[in-house]
Amino acid sequence: MDKKQLFSQLPSVDQILNNDNIITLLEEYPRVIVLESIRESIDVQRKKILSLDDKDIKDFYINEDKMIHEIKDSTKAKYSLSLRKVINGTGVVIHTNLGRSLISDKIKDEVWGIASRYSNLEYDLNLGERGSRYSHLENIIKRITNAEDVLVVNNNAAAVLLVLSTLCKDKEAIVSRGELVEVGGSFRIPSVMEQSGAKLVEVGSTNKTYIKDYEEAINENTSALLKVHTSNYRILGFTHSVEINELSDLGKKYNIPVVEDLGSGLFIDLSKYGFSYEPTVMDSLKGGADIVTFSGDKILGGPQAGIIVGKKEYIQKMKKNQLTRALRVDKFTMAALEATFRMYLDEDMAIKNIPTIKMLTYNIEELESKANALYNCIKSKNLEIDINIEDGYSQVGGGSMPLEKISTKLVSIVPNNISVAAFERKLRLCDNHIIGRVYDNKYILDVRTIFEDEFDIIADTIKGILY
Ligand SMILES: *Cc1c(COP(=O)(O)O)cnc(C)c1O
């Protein structure tokens with residue numbers, strides 16, 4: 001046997017295509033992907049033959065079954081979505097990098113029913129004629145917020161852009177220097193204002209802004225008083241900012257709309273669950289804001305969206321703005337958002353069924369029992385690790401409540417035979433993509449953001465990695 005003979009034994013692409021397993025594979029996967037995998041597999045064999053030493057040639061044989069196996073695996077891997085499920089062991093509930101808020105399992109059939117079939121998206125069933133896509137969300141959001149009118153767009157950045165572009169284009173909007181927020185990658189209030197065509201008039205100082213600062217800046221070009229929630233930072237020490245009710249009185253005196261960008265859409269006062277007080281959407285409206293904007297996928301716990309609520313006279317103008325068409329939401333989002341809002345009709349139901357709210361409001365006993373369950377699951381595998389349950393803190397995330405320290409229970413693991421860094425990396429890269437934290441040279445999993453049905457997967461994955 002020499003190399004030439006081995007090469008001649010390599011199966012051809014056509015031969016492999018005629019294999020029964022590959023014929024079945026072709027029923028499920030695109031031919032281009034299967035072909036690519038076949039060619040790669042043949043190429044791997046060819047390279048192996050090329051690199052053989054003379055003495056190894058006689059022991060080498062082409063294992064076609066193994067090739068078929070590899071082709072199947074490679075086809076599946078190539079065809080899998082780039083966007084994939086991960087297990088969030090970080091304890092950051094609204095993790096923007098990991099998909100922000102999760103949609104409740106409870107509503108998946110309803111939402112999928114709308115997405116996969118025709119619907120009355122823009123059709124009025126009573127009149128049998130064209131309707132408005134926004135009408136579906138109006139009823140439930142008005143009912144929950146008591147707002148006069150509602151408009152939903154793609155995200156909160158879009159909501160702020162639309163509000164400013166409608167009310168303040170070529171005019172002035174007054175905002176406190178303490179509230180020139182940047183959130184996430186690139187949402188900066190000053191830049192958004194510039195995009196919208198509004199002229200930003202900054203008043204006060206970084207740490208102190210008073211009502212007289214706003215009043216002194218008002219002139220005939222002033223078109224809005226803007227209050228921005230400092231979602232992801234706090235100014236501590238000697239500070240003063242103007243509350244929404246004070247700003248609203250000023251707005252009324254000069255007949256200028258008051259806009260509040262709340263960031264997170266809070267509908268339940270979480271202070272009764274041990275959080276510091278933050279204004280809910282209803283608080284802001286009751287405080288006199290004419291327009292309030294917030295995200296759908298932060299604390300609200302729904303899909304990505306930007307929700308605008310408030311006075312009809314202003315929201316009607318926004319509906320007529322051409323930008324609205326560019327920022328509109330699709331039926332999938334609308335169905336998920338309506339179903340999420342509906343749960344807020346009953347606070348207990350919201351806490352039970354909206355994953356974000358549920359995770360934020362776990363009590364310590366529930367977390368302790370989750371931690372025990374995860375600990376026992378991993379412990380039962382008898383692995384070479386030190387494993388413990390520890391006290392720690394979770395975070396709200398999503399740029400919300402940055403200083404809040406929420407007590408939680410952690411499972412900490414130190415593997416005996418590989419480094420913590422290598423362990424973290426393997427867990428992150430494995431098929432189940434477990435994302436944990438390394439702290440104090442220990443691998444840490446916070447049970448707050450881990451689902452119970454993920455405990456076994458985690459234990460099995462760790463076992464797989466350490467064996
Ligand atoms: C998060 C946030 C935004 C942006 O919201 P997206 O829904 O991410 O576009 C805008 N303003 C404030 C105050 C925020 O906290």
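When a residue number appears, it is its place in the shown sequence, counting from 1. Atoms within a ligand are numbered from 1 in the order they appear, just like the ligands themselves.
Close approach of ligand 1 to His229 (heavy-atom distance below 4.0 Å) involves ligand atoms 13 (C). Heavy-atom contacts of Phe187 reach the following atoms of ligand 1: 10 (C), 11 (N) (cutoff under 4.0 Å). Remark: ligand 1 atoms within the under-4.0 Å shell around heavy atoms of Arg100 are 6 (P), 7 (O), 8 (O). Annotation for ligand 1: atoms under 4.0 Å from non-hydrogen atoms of Asp261 are 10 (C), 11 (N), 12 (C), 13 (C). Which parts of ligand 1 touch Lys298 is read off a 4.0 Å heavy-atom cut-off, strictly below it: atoms 1 (C), 2 (C), 3 (C), 14 (C), 15 (O). For ligand 1 and Ala157, the ligand atoms under 4.0 Å from any heavy atom of the residue are 4 (C), 5 (O), 6 (P), 9 (O). Annotation for ligand 1: atoms under 4.0 Å from non-hydrogen atoms of Gly263 are 12 (C), 13 (C), 14 (C), 15 (O). Which parts of ligand 1 touch Ser231 is read off a 4.0 Å heavy-atom cut-off, strictly below it: atoms 12 (C), 13 (C), 14 (C), 15 (O).
A salt bridge links Arg133 with Glu122: the distance from a Lys NZ or Arg NE/NH1/NH2 to an Asp or Glu carboxylate oxygen falls below 4.0 Å. For the pair Lys212 and Glu216, the salt-bridge criterion is not met [side-chain N within less than 4.0 Å of a carboxylate O]. Remark: Arg234 engages Glu278 in a salt bridge, criterion side-chain N to carboxylate O under 4.0 Å. Asp391 has a carboxylate O that lies under 4.0 Å from a charged side-chain N of Lys409, or vice versa, which qualifies the two as a salt bridge.
Using modelled atom types, one side-chain atom of His136 and one backbone atom of Leu121 make a donor-acceptor pair closer than 3.5 Å. No donor-acceptor pair closer than 3.5 Å links the side chain of Asn207 to the backbone N or O of Thr239.
Between the side chains of Ser248 and Asn245, no donor-acceptor pair of N or O atoms lies under 3.5 Å.
Not a single heavy atom of Val181 sits less than 4.0 Å from an atom of ligand 1.
Among all non-hydrogen protein atoms, the one lying nearest atom 3 (C) of ligand 1 is Asn156 ND2, 3.5 Å.
Taking only nitrogen or oxygen atoms, main chain and side chain alike, Ser295 reaches within less than 3.5 Å of ligand 1. Not a single N or O atom of Ser264, backbone or side chain, sits closer than 3.5 Å to an N or O atom of ligand 1.
Residue pairs meeting the ring-ring contact (aromatic ring centres under 6.0 Å, His included) criterion with at least one member in residues 300-332: none, sequence neighbours excluded.
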